[in-house]
Protein chains: 2
Amino acid sequence: MKSAGIRDVAQLAGVSVTTVSHVLNDTPNMRVSVETRARVRHAAKTLGYGPNRMAQALRTNRSGLIGLLSEEIATTPHAGRIILGAQNAAREHDLTLVIINTERDAGGTSHRDDVQALIDRQVDAVLYATMYHRSVSLPPNLQDLPAVLIDSTDRAGIVPAVVPDEVGGAVAAVTHLVEAGHTRIGFLNNDDDVPATHLRFAGYRQVLQAHDIPFDEDLVFSAPSETLPGYGLARELLGRSDRPTALFCYNDRMAMGAYRAATELGLEIPRDLSIVGFDNQELIAANLFPGLTTVALPHYEMGVWAVETLVHLLHGEAEYRLIADKPALLDCPLVIRGSVAQPRAN
Amino acid sequence: MKSAGIRDVAQLAGVSVTTVSHVLNDTPNMRVSVETRARVRHAAKTLGYGPNRMAQALRTNRSGLIGLLSEEIATTPHAGRIILGAQNAAREHDLTLVIINTERDAGGTSHRDDVQALIDRQVDAVLYATMYHRSVSLPPNLQDLPAVLIDSTDRAGIVPAVVPDEVGGAVAAVTHLVEAGHTRIGFLNNDDDVPATHLRFAGYRQVLQAHDIPFDEDLVFSAPSETLPGYGLARELLGRSDRPTALFCYNDRMAMGAYRAATELGLEIPRDLSIVGFDNQELIAANLFPGLTTVALPHYEMGVWAVETLVHLLHGEAEYRLIADKPALLDCPLVIRGSVAQPRAN
DNA sequence: GTGAAAGCGCTAACAT
DNA sequence: ATGTTAGCGCTTTCAC
């Protein structure tokens, strides 16, 4: 049994397909009597009618599909949260998400081809998500379509973008430490030249300054943002006689390294050393002991924001064209677990 | 400028739309001269022609969309790997993946509704993925469509399914330990009544038996498969005077707990204690020190397998209807890092 | 307040 | 070897 079509509904309701279409689409200023509407709605429900999206798409030239071009879906749970947010928001607007994975930093025309694949599939718009916050130059054919960037900014400043409020997150983290009573706060930073490196550092300095704590450059170390380098840095920093009482780490992996260093040095967390991380990677943060207090990245929220913005763009709301100017900043909330306490009285 | 249609190509090539359609679709036993074909192809390329998928779908009643219904996309990286595999395989067959997230164990008709949402969107088939290996009963409306289960089996045995070869993975893990010289091997098992619990245990016993190592039930402990319970179990098992020289852990999180227990007891891994995990959660396994030797779950491969099977199903290849009988088992390879060594000579 | 009919871009049965 | 044409299921203009 093939599923019901609009004419089946029309027939059952004893009206024309036109009327059915009007009623079911709530066509603005249609003129259909209340009883007729009820009859049509009832007939549709009885038959379990749902419109054929392909026919609709063909006719209206709107597929209802939105493409999500994402880097490295597989590597981190972050992509999952973006997808989830985007997909939930899409459903609200009766849009469907189609996903294409793309290589990071793939050479040549790879991204161009991925965008093309999406265009070939008649997507109405595209979401372009990178796996860490950075500045990108977009494939030229992305210009043909409404688009929104997630977790990166358009080098050319044309496409609206949404990124985490890195500074705000770092401020929240370091403030938390300061409010617990710490004044000697080490910072284990990333050494890549990416926005997060500079912005989290800026947040760190900002808090010190706000609390009149002198900035001490001997407390700031940089290395690749992995567990092992984090460990190495922490060993060094914590081995000193004037060791800091707290550590702010660029990310949870570095914090994991710091945990190990602390353990080896006989420092108990949080009694002897407070630590806060960044990224809120559940697998790490929730499974360390004690649980790592860290800053969450708003991946879910960025997914939602991006779809909402796309919807506005699709509706042609002019003001949204302008928001490309400045990327939207989304809150990075602090997630408190058990790795922060007052510094030990000396 | 709206994109070229088939008649533009026809006009440019000086042929009819039929011919263009035949040529571009490589329609079986069409009769078109070689020169004409070339002319058509060239015209298509010149115009940058790509068929309108919506029109195609409407006409052929095949959308080229396949729905992936996945639980908890956001929670683990596992979903990402399934998506990636499925998406790569889909692209090979010119299929597009549309993703819907669904709640785990959602009550009532929720899964039914999710499947319906996919059907409403004219997907040709659906992939149904759960986040851990188990047996499920499927929403009734899934029967209307070709479907394949990923990481779970159909209680009713109707739908083809693919799951990890848990026994094989456990065998590989424990064999690795035995071959390193261990004979007292503890097992930290999950205490949930899920297939993996029983199958990994079966693999463990199987290896012991194959090597004439007597099974000692005092070496097997169960608890929820989290870090903290893993820690507790390991403390207990390793605190004994006749402690095992190696631990096989149900998953990497429990192994992470075991690492902590070992550290606290002054046991150095792998010198004093060898550990093997399961799941290969990179974030944990690669970031522990030393790196955790563990067993990888074939999520990517299951995604690929599922799409390939779906394609066969869609082509109506009868034999594939039968494979629902027995779920396909995919290899769980051992990933060797640094947590296994010979037992220390006494 | 309602309906007839054109047509979105394509495929495929049927002519020629 | 190539062309004509109906029609997929819907929206929308226009007529009544």
Side-chain angles (χ1 to χ4, degrees), chain A residues 1-41 43-44 47-65 94 96 119-124, chain B residues 1-44 47-65 94 119-124:
Chain A
M1 140 213 131
K2 73 191 295 298
S3 74
I6 196 173
R7 43 226 299 164
D8 300 311
V9 178
Q11 192 171 2
L12 180 58
V15 297
S16 74
V17 294
T18 310
T19 305
V20 175
S21 177
H22 283 157
V23 172
L24 265 23
N25 292 316
D26 270 321
T27 308
N29 53 41
M30 63 169 153
R31 296 168 309 164
V32 178
S33 71
V34 177
E35 310 93 78
T36 309
R37 283 181 222 211
R39 219 152 12 96
V40 169
R41 292 228 161 78
L47 296 173
Y49 171 77
N52 180 317
R53 311 291 283 252
M54 298 302 143
Q56 240 171 0
L58 178 57
R59 182 61 233 242
T60 61
N61 207 24
R62 289 286 231 88
S63 64
L65 260 28
D94 206 24
T96 305
I119 292 175
D120 286 346
R121 280 167 174 80
Q122 266 74 48
V123 299
D124 293 335
Chain B
M1 141 213 128
K2 71 192 297 298
S3 74
I6 197 175
R7 43 227 297 167
D8 300 310
V9 178
Q11 190 171 4
L12 180 58
V15 297
S16 73
V17 293
T18 310
T19 305
V20 174
S21 177
H22 283 159
V23 171
L24 264 24
N25 293 317
D26 269 322
T27 307
N29 54 41
M30 64 169 154
R31 296 165 308 166
V32 179
S33 71
V34 177
E35 311 93 76
T36 309
R37 283 181 220 213
R39 219 152 12 95
V40 169
R41 293 229 160 77
H42 180 255
L47 297 173
Y49 170 78
N52 179 319
R53 308 292 282 253
M54 298 302 143
Q56 240 170 359
L58 180 57
R59 183 61 233 238
T60 59
N61 209 22
R62 292 286 232 92
S63 65
L65 259 27
D94 206 25
I119 292 176
D120 286 347
R121 278 165 176 80
Q122 266 75 47
V123 299
D124 292 335

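So you know, we letter chains A, B, ... as the sequences are listed, proteins then strands, and number each from 1. Side chains included, hydrogens not; waters and symmetry mates left out as well; all remaining heavy atoms used. Note that this is a predicted model, so its numbers are computed, not measured.
Spacing between atom CZ of R62(A) and atom C1' of dC10(D) amounts to 16 Å, rounded to whole angstrom units. One can place CG of D8(B) at 9 Å from P of dG9(C), the figure rounded to the nearest angstrom. Distance L24(A) CG to dC10(D) C1': 12 Å, rounded to the nearest Å. Whole-Å rounding puts the N25(B) CG to dA13(C) C1' distance at 15 Å. For the pair R39(B) CZ and dA1(D) C1', the computed distance is 12 Å after rounding to whole Å. I6(A) places its CD1 atom 12 Å from the P atom of dG3(C), with the value rounded to the nearest Å. When rounded to the nearest whole Å, the span between CD of Q11(B) and P of dT4(D) equals 13 Å. To the nearest angstrom, C1' of dT12(D) lies 14 Å from CG of N61(A).
T36(B) comes within contact range of the sugar-phosphate backbone alone, with a heavy-atom separation under 4.0 Å but no base atom that close.
Nearest to the side-chain atoms of T60(B) among the listed nucleotides dG3(C), dT11(C), dC10(D) stands dT11(C). For R59(A), the side-chain atoms get nearest to dG9(D) when compared with the rest of dT11(C), dT4(D), dG9(D). Picking from dT12(D), dT11(C), dG9(D) the nucleotide with the shortest atom distance to the side chain of L58(A) gives dG9(D). Checking dG9(D), dG3(D), dT13(D) against the side-chain heavy atoms of T18(A) singles out dT13(D) as nearest. Side-chain proximity of S33(B) to the nucleotides dT12(D), dA1(D), dC10(D) is greatest for dA1(D). The side chain of V17(A) sits closest to dA5(C) out of dG9(D), dA5(C), dC10(C).
What you find for V20(B) and V9(B) is that their closest heavy atoms are CG1-CG1, 3.9 Å. Closest of all the heavy-atom pairs between V15(A) and R39(A) is CG1-NH1, 4.0 Å. Nearest heavy atoms, A43(B) versus A13(B): CB-CB, 3.9 Å.
The side chain of T19(B) places no N or O atom within less than 4.0 Å of a non-bridging phosphate oxygen (OP1 or OP2) of dA1(D). Between Q56(B) and the phosphate of dT11(C), there is a side-chain N or O to OP1/OP2 separation shorter than 4.0 Å. In this structure, N52(B) does not reach the dC8(C) phosphate: none of its side-chain N or O atoms is under 4.0 Å from OP1 or OP2.
Salt-bridge check for D26(A) with R37(A): failed, with every basic side-chain N at 4.0 Å or more from each acidic carboxylate O.
Of the residues near DNA chain D, V32(B) and R31(A), the one whose nearest nucleotide (by heavy atom distance) lies more toward the 5' end is V32(B).
When each of M54(A), R62(A), R121(A), R59(A) is paired with M54(B), the side-chain contact (heavy atoms from CB on, under 4.5 Å) condition holds for M54(A) and for no other.
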